[in-house]
A.B. asks: 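Take a look at this one; I'll ask things after.
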Amino acid sequence: MTALLEVEDLRVAYGKIEAVKGISFSVEAGEVVTLIGTNGAGKTTTLRTLSGLLKPVGGQIKFEGKSLRKTPAHKIVSLGLAHSPEGRHIFPRMTIEENLLLGAFLRKDTAGINKDVQRAYDLFPILGERRKQAAGTLSGGEQQMLAMGRALMSQPKLLMLDEPSMGLSPIMMQKIMATIAELKAQGTTILLVEQNAQAALALADHGHVMEIGKVVLSGSGRDLLHDESVRKAYLGED
Ligand code: ATP
């Protein structure tokens, strides 16, 4: 069986600086896969490259068996890859509902779109309660929910989440992680980038530890969670 996403020896550079130095991993349909690692390891660069926002200098990206190397970003969305970016990038003056609808910009099935707006409100009731309010009035955690809801509006085959827990209170972080677990239970395939290694590994099927542009360790979420070097480096244990 071919994986939904296959990344092979991927290399990405900013000018002369190579930020991703030949990484390989894959994501099977229905799985949650996480990339963990410290600041600057190359996680965001990897997601931005998979979305087509950066072009690789080497390696291969295959989605459903087809190469994405030359595919422009808007086409990648229409193939079924959605990205909820680091820092959220919501439109603060537009309403919550308008922000959600932006995620459906490539769709024409009004009935299906309305159904998915409702699904986002079921997943995140606060968004439904405040649907007509400017998105800029939401708290950081609520904006994160909106960014995830918006990414889901394109009905992605693969949902990529970049640091959804960043800057959130512990309670809000737990809510976001519980929602990711719920999406997984509903069958959504997710590639999750997180600095909160504990939370990410606890719900991931597979994890890859990145350090300065390379994958230094891979395994099941459970194995990595119990790995001594991971515990020391990322879970704050001596
Ligand atoms: P973080 O959690 O801080 O986002 P990360 O693992 O996502 O970390 P990246 O943001 O992918 O890491 O950064 C990887 C490397 O590329 C870093 O050394 C970073 O300084 C560098 N880098 C990122 N964006 C640019 C850019 N636009 N121009 C030049 N260098 C960049």
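Indexing begins at 1, ligand by ligand and atom by atom, following the structure's order.
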A.B. asks: Has T38 got any heavy atom lying under 4.0 angstrom from an atom of ligand 1?
C.D. replies: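 T38: in contact with ligand 1 (<4.0 Å).
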A.B. asks: Taking the non-hydrogen atoms of G37, is any one of them nearer than 4.0 angstrom to ligand 1?
C.D. replies: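 Not so, G37 does not reach ligand 1.
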A.B. asks: Considering heavy atoms of the protein only, find what lies nearest to atom 14 (C) of ligand 1 and give residue, atom and distance to 0.1 Å.
C.D. replies: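 For atom 14 (C) of ligand 1, the nearest protein heavy atom comes out as G40 O, 3.4 Å.
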A.B. asks: Spell out, yes or no, whether V27 and L35 are grouped together once hydrophobic residues are joined by side-chain heavy atoms under 4.5 Å, including indirect joins.
C.D. replies: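 Yes.
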A.B. asks: Around atom 3 (O) of ligand 1, find the nearest protein heavy atom and jot down its residue, atom name and distance.
C.D. replies: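 For atom 3 (O) of ligand 1, the nearest protein heavy atom comes out as N39 OD1, 2.7 Å.
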A.B. asks: With a 4.0 Å cut-off on heavy atoms, is R48 touching ligand 1?
C.D. replies: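 Under 4.0 Å: no for R48.
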A.B. asks: Using a 4.0 Å cutoff against the non-hydrogen atoms of A41, which atoms of ligand 1 qualify?
C.D. replies: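 Under 4.0 Å from A41, ligand 1 has these atoms: 5 (P), 6 (O), 12 (O).
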A.B. asks: Can you tell me which residue and heavy atom of the protein come closest to atom 12 (O) of ligand 1, and the distance to 0.1 Å?
C.D. replies: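 Here the nearest protein heavy atom works out to G42 N, 3.1 Å.
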A.B. asks: Verify, without hydrogens or angle tests, whether D109 (side chain) and A111 (backbone) share a donor-acceptor contact under 3.5 angstrom.
C.D. replies: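 No: the side chain of D109 does not pair with the backbone of A111.
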A.B. asks: Verify the neighbour count for atom CZ of R222: are there more than 12 heavy atoms of other residues, nucleotides or ligands below 6.0 Å?
C.D. replies: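 Count not over threshold, so no.
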A.B. asks: What distance separates E97 CD from K132 NZ, expressed to the nearest 0.5 Å?
C.D. replies: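 Going from CD on E97 over to NZ on K132, the span is 4.5 Å.
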A.B. asks: Got a protein heavy atom sitting under 4.0 Å from atom 29 (C) of ligand 1?
C.D. replies: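 Protein heavy atoms within 4.0 Å of atom 29 (C) of ligand 1 - there is at least one.
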A.B. asks: Has ligand 1 got any nitrogen or oxygen that is less than 3.5 angstrom from a nitrogen or oxygen of T46?
C.D. replies: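 N/O-N/O distance below 3.5 Å does not exist for this pair.
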A.B. asks: Which residue and non-hydrogen atom of the protein lie closest to atom 10 (O) of ligand 1, and at what distance in Å?
C.D. replies: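 Answer, as residue, atom name and distance: T44 CB, 3.7 Å.
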A.B. asks: Is it true that, when you exclude L53 itself, more than 12 heavy atoms of the residues, nucleotides or ligands shown sit nearer than 6.0 Å to its CG?
C.D. replies: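 More than 12 within 6.0 Å, yes.
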A.B. asks: Which of the atoms of ligand 1 are close to Q195, meaning less than 4.0 Å from one of its heavy atoms?
C.D. replies: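 So the atoms of ligand 1 that pass are 2 (O).
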A.B. asks: Go through ligand 1 atom by atom and flag the ones less than 4.0 Å from a non-hydrogen atom of T45.
C.D. replies: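 So the answer, numbered in order with elements, is 9 (P), 11 (O), 13 (O), 14 (C).
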A.B. asks: Considering only protein heavy atoms, which is closest to atom 23 (C) of ligand 1, and at what distance to one decimal place?
C.D. replies: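 The closest one turns out to be Y14 CE1, 3.4 Å.
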A.B. asks: Between R48 and D162, does any side-chain N to carboxylate O distance fall below 4.0 Å?
C.D. replies: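 A salt bridge is absent here (no side-chain N lies under 4.0 Å from a carboxylate O).
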A.B. asks: Could you check if a side-chain atom of T71 sits within less than 4.5 angstrom of a side-chain atom of F63, using non-hydrogen atoms only?
C.D. replies: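 Contact flag for T71/F63 side chains = no.
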A.B. asks: So does Q186 have more than 12 non-hydrogen atoms from other groups sitting under 6.0 Å from CD?
C.D. replies: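 Above 12, so yes.
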A.B. asks: Any side-chain heavy-atom pair from R131 and L100 closer than 4.5 angstrom?
C.D. replies: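 No. Closest side-chain heavy atoms not under 4.5 Å.
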A.B. asks: Looking only at protein heavy atoms, which one is nearest to atom 2 (O) of ligand 1, and what is the separation?
C.D. replies: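 Result: E163 OE2, 2.8 Å.
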A.B. asks: Closer than 4.0 Å to some heavy atom of A19 - which atoms of ligand 1 meet that?
C.D. replies: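 Within the 4.0 Å cut-off of A19, ligand 1 contributes 14 (C), 15 (C), 16 (O).
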A.B. asks: If you count heavy atoms of other groups shown closer than 6.0 angstrom to NZ of K55, is the number above 12?
C.D. replies: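 Above 12, so yes.
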A.B. asks: Please state which part of M210 comes within less than 4.0 Å of ligand 1, counting heavy atoms only: side chain, backbone, both or neither.
C.D. replies: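 Neither; nothing of M210 gets under 4.0 Å from ligand 1.
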